[in-house]
Amino acid sequence: MKKIYEKPIITKLETGFMNKFGSSPLYARKVRKDIDGVPINELVENYGSPLFVVSERKLREKYRQIYNAFASRYPNVQFGWSYKTNYLQAVCAVLHQEGAIAEVVSAFEYEKARNLGIEGKDIIFNGPYKPVSILEKAAAEGAMIHIDHFDEIIDLEKVAEKLGKQIKVAIRLNMDTGIHPQWSRFGFNLETGQATDAVKRIKAGGKLILNGLHCHIGTFILEPEAYAKEVEKMVKFAYEVEDNFGFKIEYIDIGGGFPSKNKLKGTYLSPDVLVPSVDEFAEKITDALYSNLRPGDFPKLILETGRAIVDEAEYLITTIFASKRLPDGRKAYIADAGVNLLFTAFWYKFNIEIDREVQGTNEPAVIYGPLCMNIDVIDEGSLLPPLERGTRLIFSPVGAYNNTQWMQFIEYRPNVVMVMEDGTVEVIREKEDITDIERRERLPDKLKLK
Ligand SMILES: *Cc1c(COP(=O)(O)O)cnc(C)c1O
């Protein structure tokens with residue numbers, strides 16, 4: 001029998017509705033009712049919204065997972081906790097308890113580590129800006145100072161003279177590891193011979209003893225191979241330094257930069273697919289060590305991994321305050337947390353979970369923060385079911401670079417709590433009020449209004 005002619009038609013597939021391809025798993029919304037067993041409702045009732053919540057259990061778990069990936073492959077491993085990634089005392093204290101020393105990049109961070117009880121000898125002092133006053137203190141306390149430029153060599157020689165002793169130092173290197181744009185602004189360049197010149201200069205001065213090499217190739221590096229190149233170049237350079245200048249390189253510090261399971265904007269694949277596992281990084285790095293180190297030589301391997309340890313250990317609970325319809329038809333929500341709290345919203349697309357089951361069809365929605373600023377967008381477009389006022393959204397991972405780069409702008413900063421391993425909840429940073437903000441202001445008498 002002849003089939004009846006059927007006119008071809010094109011039907012637009014509405015994303016979010018069921019269609020012949022099914023609904024995209026990328027957009028499946030998850031419900032989260034608790035963090036480590038503490039109900040979201042209870043957290044918000046007791047500590048308010050928005051609320052940052054750190055999981056002690058997850059933090060320790062991530063640290064151990066990454067540390068063990070290296071310690072199980074190489075006998076001499078030390079982690080330095082990158083303060084600028086998250087320097088809340090409680091977070092640093094957990095990581096110090098786990099065995100990390102401190103890695104700081106300013107006088108302020110140096111003081112923070114000392115205040116927490118970390119001795120100078122357990123502080124790695126990086127960064128391009130170290131005024132002489134803090135160099136003096138750090139050198140006197142035996143910190144591991146990583147020199148960034150020739151002027152710092154001169155400053156440190158003066159400090160050595162003043163202290164009347166030689167100072168042990170390391171230099172920071174920058175190099176081509178295939179990662180572009182290359183981070184060439186920190187340290188001495190390897191390929192141009194600048195790094196060798198720095199060693200020559202240190203040797204000639206006679207006041208400093210070079211005992212380490214440092215490098216940090218970038219952040220959110222998705223290429224384990226880049227670290228293999230870095231390690232190969234550092235080990236070769238270490239032997240050059242030892243053979244030609246007679247310094248003993250006791251440690252090789254390869255910096256941080258491992259990615260977390262966060263989704264960069266503009267990437268399509270989920271982080272579970274895109275982000276290499278820590279074992280892949282560790283394998284490449286230790287392979288490169290073993291193929292380049294001389295037999296029996298095990299210099300200390302230092303890692304300063306920040307983001308990969310802390311990012312997934314923290315959540316932000318935010319509450320839907322209102323909803324509206326934009327002129328282009330999109331749904332929009334106003335939440336009580338914005339880019340003032342989520343600095344990383346500029347390049348991350350966060351995982352968003354809802355505190356309850358919601359009926360209704362998903363539709364594309366944008367989530368704004370509370371700021372009266374056009375740029376205050378914490379999610380540019382996700383498929384969300386209709387959310388009532390008062391619904392809580394849980395954003396993650398938010399542990400890296402938010403509690404340090406957040407800003408007091410228009411709104412106060414909220415409470416940060418830690419859910420402890422024993423199930424209790426501790427406030428680790430109290431929410432701000434007007435007295436915090438105005439404490440440092442001075443109103444001249446002639447301007448007083450009352
Ligand atoms: C920021 C920084 C780190 C930590 O980087 P992550 O990408 O968070 O791992 C480590 N070392 C130095 C020198 C840094 O500046």
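Whatever order the structure lists them in is the order used to number ligands and atoms, beginning at 1. Along the sequence shown, the residues carry numbers beginning at 1. Because only heavy atoms are used, hydrogens play no part in the values below, and waters and symmetry mates are left out as well, while side chains stay in.
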Sub-4.0 Å heavy-atom approach of Ala400 to ligand 1: no
Shortest non-hydrogen separation from Tyr333 to Pro385 and the atoms involved: OH-O, 3.5 Å
Give the atoms of ligand 1, by number and element, whose distance to some non-hydrogen atom of [X] is under 4.0 Å.
{"X": "Gly256", "answer": "9 (O), 10 (C)"}
{"X": "Gly306", "answer": "6 (P), 8 (O), 9 (O)"}
{"X": "Thr85", "answer": "8 (O)"}
{"X": "Thr305", "answer": "9 (O)"}
{"X": "Arg172", "answer": "13 (C)"}
{"X": "Asn126", "answer": "13 (C)"}

His146-Phe188 aromatic ring centre distance below 6.0 Å: no
Close aromatic pair by centroid cut-off 6.0 Å: Tyr401 and Trp347: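 For Tyr401 and Trp347, the ring centres are not under 6.0 Å apart.
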CA sep, side-chain torsions, deciding dist, call: Ile66, Phe79, side-chain contact (heavy atoms from CB on, under 4.5 Å): CA-CA 10 Å; Ile66 301 176; Phe79 273 29; 3.8 Å; yes
Nearest neighbour of atom 2 (C) of ligand 1 from the list His214, Lys84, Glu304, His146, on a heavy-atom basis: Lys84
Residue and atom name of the nearest protein heavy atom (relative to atom 8 (O) of ligand 1), distance in Å to one decimal: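 The protein heavy atom lying closest is Tyr401 OH, 2.6 Å.
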Presence of salt bridge, Lys236 and Glu232, under 4.0 angstrom: yes
What about [X]: any of its N or O atoms under 3.5 Å from an N or O on ligand 1?
{"X": "Ala308", "value": "no"}
{"X": "Arg307", "value": "yes"}
{"X": "Thr219", "value": "yes"}

Plane angle bin for Phe258 and Phe70 - parallel if under 30°, tilted between 30 and 60°, otherwise perpendicular: parallel
Derivation of the side chain to side chain donor-acceptor pair (under 3.5 Å) call for Ser382 and Lys349: CA-CA 9 Å; Ser382 281; Lys349 182 160 177 61; 2.9 Å; yes
Residue that, paired with Tyr239, satisfies side-chain hydrogen bond (donor to acceptor under 3.5 Å, both in side chains) out of Asn244, Asp297, Asn292: Asp297
